[in-house]
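Both counts, for ligands and for their atoms, begin at 1 and track the order of listing.
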Amino acid sequence: MKNQNLFTALRAAFPADLDAVAIETDNGLTYSWADLERSTAMMANLLQSLNLPRGARVAVQVEKSVEAVVLYLATLRAGYVFLPLNTAYQSTEIEYFIGNAEPAVLVCSSRNLGWVSKIAFKAGTQNVFTLDDDRTGSLLDRAAHCSDQHEAAVMHEDDLAAILYTSGTTGRSKGAMLSHGNLLSNALVLKDYWGWKKGDVLIHALPIFHVHGLFVALHGALINGSKMIWMSKFDPKRVVEKLPEATVFMGVPTLYVRLLAEPGLTQEACRNMRLFVAGSAPLLIETFNDWKARTGHTILERYGMSETAMLTSNPYQGGERRGGTVGFALPGVSLRVQTDDGQPLPLGEIGGIQVKGPNIFKGYWRMPEKTKEEFTADGYFKTGDVGKIDADGYITIVGRSKDLIISGGYNVYPAEIEGYINDMPGVAESALVGVPHPDFGEAGVAVVIAKPGAALDAAQILATLKSTLANFKIPKQCFVVNELPRNTMGKVQKNLLRDQYKGLFA
Ligand code: MCA
Ligand code: AMP
């Protein structure tokens, strides 16, 4: 059997000159391809020395660093399953993920070791390590004693490479299971579709615990053997400074909005740039147009999901990149638009987007029923996005059938936040809606009604949420009102609330 290990494919794309720079960090460090080869071997040997069962999960909540990338690649190399967790998650959120995924290994920042190890102990996780963004931590201490030679584990294309938690419209988060074959097929398609070539340099400024930064950007550079300019945090000034040394940049729309506010963003600064990619949330047409006017470059917008990696893209060449659209289905992806009851829709009509292809995930972790619900009888995955295909084949996303807010590229599930608010003393009911926000695209607004006789304080509600949940989930405003608008069935009409509060951040 040919080894389908994603790491093996990425490794095969390393340039012949292993001493060339693979990654340059914003604090002046450089890592060669040989460094990546050796350090991933050492860490893979460490993981293998732990005698983990096949399919063991390696859960990771650490700050962005090259060593965190090494841990990701080593997990693939050793044949285990990588489970990245947003650094903004607090203990309640982490407790759920760890309890659900039952990882064999948990890697966290040393400052969180106290509470994380308690959670790990409860979930039966035997191996807890620390990894900090200053190249310290018990993980590196232990790996330093391991051999720098390692034969990558032999994997089948359907073997799991990663689990990415993504929330449901109701209930708790679901772990999307992605295989080596899912991720490799997507990386190869994008390499070709986006014209990656020798000499490309990527500015990597996204977090590495979600699809965009971990797969689209990182795999993109690695499978092409391209150098990365590595930024631990997105800083628009720093990106503008580094643009002349780069050819490719990827970002969520908020990154483009913030870059446009930099006076240094000029055609001259972008003189060596070949490609700007946007995705994870809708890119406003104003941003698309302003970018073109300022830099002379047309942003390429693409669309994907945690469950599917990339699905569609505007063309890199041989066609127009149309603002407001997400382009065409990628090669190998079959995309259709259907009614709720499964009837195909003609071109131009709006319906649910369904997809099929080698990149579509293997199902939700330990949720076979939920998985079954999300697929049609003929094997298409129901994305929950609503859109249309025009006569030229361009796909436009016009909304979502799932109740979801995307704020600055992060997903916020109203049901989760409403659940926490509804549990607060004195709260009768609440509704969270997303409204336009100039920086984050969409921002959450909580509208709350009190139980008879109870007095509620909006600031207190927000403070309580802040002490429990990841910061990006906290509504930007909270209103205590007397009633919520309802339809004849008694259901809260969120569209009316969205309309009422749409000018809040204008
Ligand atoms: C930070 N804050 C936010 C967000 N980020 N609020 C709403 N939405 C956000 N995304 C809040 C913090 O709680 C804080 O509030 C204040 O803003 C400043 O926080 P700070 O940490 O300084 O913000 P930042 O570092 O400037 O972060 C903004 C950011 C970041 C750079 C836009 O959110 C980001 O990196 N977003 C990218 C997310 C991403 O990679 N998504 C890809 C998902 P306070 O001061 O009140 O505490 S992958 C995906 O969707 C797929 C499948 C795809 O298609 O790619
Ligand atoms: P996630 O659950 O983080 O994988 O987010 C996936 C969701 O992000 C999709 O289902 C879409 O709703 C949204 N999304 C991703 N890219 C785009 C885009 N270019 N335009 C509009 N929505 C997008």
Side-chain angles (χ1 to χ4, degrees), residues 63-64 84 86-88 90 164-169 173-174 176 178 186 190 204-218 220 231-236 239 250-259 277-285 287-288 299-314 323-327 352-353 355 359 361 374 381-387 395-413 434 437 439-445 462-463 465-467 469-477 505:
E63 295 299 330
K64 184 177 176 182
N86 194 319
T87 46
Q90 301 203 49
L164 263 66
Y165 273 87
T166 162
S167 299
T169 41
S173 285
K174 304 164 296 202
L178 292 151
N186 212 237
L190 294 178
H204 193 301
L206 286 163
I208 51 169
F209 30 69
H210 294 300
V211 164
H212 204 158
L214 185 63
F215 301 150
V216 190
L218 184 69
M231 302 191 173
S232 50
K233 283 220 150 38
F234 171 70
D235 171 356
V239 171
M250 298 188 190
V252 301
T254 300
L255 270 51
Y256 287 95
V257 170
R258 292 187 183 182
L259 283 167
V277 177
S280 309
L283 180 75
L284 290 182
I285 192 74
T287 313
F288 177 87
I299 295 177
L300 179 153
E301 186 172 2
R302 89 315 179 266
Y303 153 63
M305 293 182 72
S306 298
E307 288 93 334
T308 65
M310 295 304 98
L311 291 165
T312 77
S313 171
N314 268 279
T325 84
V326 292
I353 296 178
V355 289
N359 49 321
F361 73 135
E374 302 300 326
F381 174 61
K382 302 183 221 166
T383 62
D385 291 307
V386 174
I395 297 152
T396 304
I397 298 179
V398 299
R400 304 173 199 121
S401 57
K402 49 195 175 193
D403 191 11
L404 159 70
I405 298 168
I406 306 183
S407 183
Y410 286 139
N411 292 2
V412 180
Y413 285 84
H437 189 280
D439 184 31
F440 294 120
E442 259 184 306
V445 175
L462 292 178
L465 288 175
K466 208 165 178 172
S467 66
L469 294 172
N471 58 10
F472 63 86
K473 295 181 186 171
I474 312 306
K476 299 285 175 220
Q477 290 263 8
F505 305 105

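Contact analysis puts Arg258 in contact with ligand 1, with a non-hydrogen atom separation below 4.0 angstrom. In this structure, Val326 counts as a contact residue of ligand 2, since one of its heavy atoms falls inside 4.0 Å of the ligand. Taking 4.0 Å as the cut-off, His210 does not count as a neighbour of ligand 2 on heavy-atom distance. Heavy-atom separations between Pro207 and ligand 1 include at least one value shorter than 4.0 Å. Within the 4.0 Å heavy-atom cutoff, Lys233 does not count among the residues contacting ligand 1.
When only interatomic distances are considered, the shortest N/O to N/O separation between Tyr303 and ligand 1 does not fall below 3.5 Å. The shortest N/O to N/O separation between Lys466 and ligand 1 falls below 3.5 Å. Among the atoms of Ser280, some N or O lies under 3.5 angstrom from an N or O of ligand 2. Considering both main-chain and side-chain atoms, Lys402 comes within under 3.5 Å of ligand 2 through a nitrogen or oxygen pair. At under 3.5 Å, a nitrogen or oxygen of Asn411, whether backbone or side chain, sits near a nitrogen or oxygen of ligand 2.
Residues satisfying the side chain to side chain contact (heavy atoms under 4.5 Å, CB included) criterion with Leu300, sequence neighbours excluded, are Trp194, Leu275, Val277, Arg302, Ser313, Asn314, Tyr316, Arg321. Residues satisfying the side chain to side chain contact (heavy atoms under 4.5 Å, CB included) criterion with Pro253, sequence neighbours excluded, are Ala281, Leu283.
Taking the six-membered ring for Trp and thresholds of 30 and 60 degrees, Tyr410 and Phe472 have ring planes inclined between 30 and 60 degrees apart.
The contact set between ligand 1 and Ser306, taken as ligand atoms under 4.0 Å from a residue heavy atom, comprises 52 (C). Of all atoms in ligand 1, listed by their number and element, those nearer than 4.0 Å to a heavy atom of Gly408 are 10 (N), 33 (O), 36 (N), 37 (C), 38 (C). For ligand 1 and Thr254, the ligand atoms under 4.0 Å from any heavy atom of the residue are 32 (C). Close contacts of ligand 1 with Val211, meaning ligand atoms under 4.0 Å from a residue heavy atom, involve 48 (S), 52 (C).
When non-hydrogen atoms are compared, ligand 2 lies under 4.0 Å from neither the backbone nor the side chain of Glu307. Residue-level proximity to ligand 2 for Ala281 is carried by the backbone, the only part with a heavy atom below 4.0 angstrom. Only side-chain heavy atoms of Ile406 come within less than 4.0 Å of ligand 2; its backbone N, CA, C and O stay farther off.
Lys402 and Glu307 are not joined by a salt bridge, as no carboxylate oxygen comes within less than 4.0 angstrom of a charged side-chain nitrogen.
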